[in-house]
Amino acid sequence: MRPANPVSCSQGASEQLISLIKSCAHESHLLQIHAHILRTRSLEDPTISLRFLSRVSLSPFGRVSYARRFFSQIKNPSLAEFNTMIRAYSGSDSPEEGLYLYREMRRLGERTNSLTSSFCIKSCTKMASLTGGLQIHGRIVRDGHQSDSLLLTALMDFYSICCKSEQACAVFDEMPERDTVAWNVLISCYLRNCRTRDVLAVFDAMIGGECGCQPDDVTCLHVLQACTSLNALEFGGRVHEYIQERGYGDAVKLCNSLITMYSRCGSMDKAFMVFKGMRVKNVVSWSALISGLAMNGKGREAIEAYLAMLRANVVPDDQTFTGVLSACSHSGLVEEGMLFFEEMSKDFQRMPNVHHYGCMVDLLGRAGLLDQAYELIMSMSSKPDSTIWRTLLGACRIHRHVALGERVVWHLTELKAQEAGDYVLLLNTYSSVGDWERVTEVRKFMKDNGIQTTPGCTTITLNGIVHEFTVDDVSHPRQNEIYTMLDEIGSQLKIAGYVPEISSELHNLSSEEKGYRLSNHSEKLAIAFGILATPPGTTIRLANNLRICVDCHNFAKVLSSVYDRMVIIRDRSRLHHFQGGHCSCNDYW
DNA sequence: CTAGGGTTAG
């Protein structure tokens, strides 16, 4: 029997409904409950409607459209209901709706609180909408919520996402108290905005008790990422120790991150140790191992790992295949690569994405199958992006294929995506076949159009301090010693047969104009500093933002034997291990 | 816990 007056509906019935909402396990149940609520007019019971709304907007039934429909049936939504709805929007695919609702609230003169702002900021973060966020920030100040630490933490993350790290720091500085999450957001801001050196410094400060809180598992995840990008193995090892001290050793995310850090820092055995020690491995663990092996030039082992993964009944995903295909391309396993490329869609229903195509173009291109690579690009269902064309352009340079190189640059121009590096590649293609006229032409074009090359930058991390070098750097406090050391290294290497390469790789245009004098690439400066600042026998680990040039490659090769030092350089795409006069990659690329 | 905020692997 339907109660005559729903508001007076018995306590028992209400509780029953609430427990029904709580235990609901299927979307169809929700629909039934919804119908029941409408039928019994329990919608007017604020406890019920709020509960139902938040249940609907929560995963795994996180369907905003459904929540919106229900919300619209509520006559006078309470602040709590407005907030719940905005929260649902902020986590959905249409975060802007949250802001619309917020504006509607203000228009209606509804009360808002700091949670309302918090959800709105989340919407802005998701949209990376700077203007929207600035408005909310203004509101926060006007509403007097500027000492709400949680709200400010969300605001920091917003600025960080919008690449406004200085504003993020300003918010951080104004926070009345900063807990671990606040520090974590600061770290993630540094990480996102290329301030990795500051990440290490903050971690040290936290450990040293200067921040009033200790690093947690999330802190470690961030710091490990920083170590990965800096090729800072030693620091990463310290983080690993900390993880064990704190008892985080079983956390899957952390282990996966450790595998990546170790393998991308060239320490495959440690990566493997972490992997083996994991009681629960997921697809991420396997993929991290596979791409780690790939990056270290161990293509066969990467394929072995992939097969072992299948035997362990772990289903590969897109990133697994990216790892497998890049393993094939780094190790020149053309046939295997083609096979996996076909298999991924046939056996695993995974349609190749740009990364997979990129690997295939790289694979075919390096193998000299340039036309086939071009065909593959043209056959793509989605529009090829600039990275794909750039990969092919790199292959054109290696194989001195001028005509195709020109065509590729044309494609890049059409995409309006051409960058300085592309012209340098084209220029190098011309110079590799001795077409100096065209070289001059391209150079003039670049000069006339003010096209600047990306400055190469190499870092070396010692004792948690990041030392950064650029071409012909004069900013390091020990620059005099470094240049003296570089001179000495130069004469030692010359004796051992190292000949500077000046014509084949026109890496840096200004040096070219200085009359073919080879400038001191950042890699060399960092190596000289490494020799200077570490005891004999210590491995020198560098990270470079571009691609190591032929000359620096030779330099490192000869140096590894003359100075009996292992040198590990990570550039844009791979890891080069130099030892005893050899490099782990068979030839230069 | 009962409405509810911030960071998070390959």
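Remember, predicted model here, so these are calculated numbers, not experimental data. So that the names make sense, note that chain A is the first sequence line, chain B the second, and so on, each numbered from 1. Values reported hereafter were calculated over all heavy atoms of this structure, with side chains retained and with hydrogens, waters and symmetry mates removed.
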B/dG5 versus B/dC1 - spacing of their P atoms, nearest Å: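 The same atom, P, in both gives a distance of 14 Å.
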
For A/A226, side chain to side chain contact (heavy atoms under 4.5 Å, CB included) partners two or more places apart: A/L191, A/T196, A/V199, A/L200

Set of residues satisfying side chain to side chain contact (heavy atoms under 4.5 Å, CB included) with respect to A/R142, sequence neighbours excluded: A/R139

Nucleotides 5-10 of chain B: protein proximity per nucleotide (B base, S sugar-phosphate only, - neither; heavy atom, under 4.0 Å): BBBBBB

ring-ring contact (aromatic ring centres under 6.0 Å, His included) partners of A/Y159, counting only residues at least two apart: A/H137

Contact under 4.0 Å: A/R51 side-chain N or O vs B/dA3 OP1/OP2: yes

Pairs satisfying side chain to side chain donor-acceptor pair (under 3.5 Å), at least one member in residues 350-360 of chain A, at least two apart: A/D318-A/R350, A/T322-A/H356, A/N353-A/H356

Residue pairs, two or more places apart or on separate chains, that pass ring pair (Phe, Tyr, Trp, His ring centres under 6.0 Å) and touch residues 280-325 of chain A: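 Residue pairs passing ring pair (Phe, Tyr, Trp, His ring centres under 6.0 Å), neighbours aside: A/F275-A/W286, A/Y306-A/F321, A/Y306-A/F340, A/F321-A/F348.
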
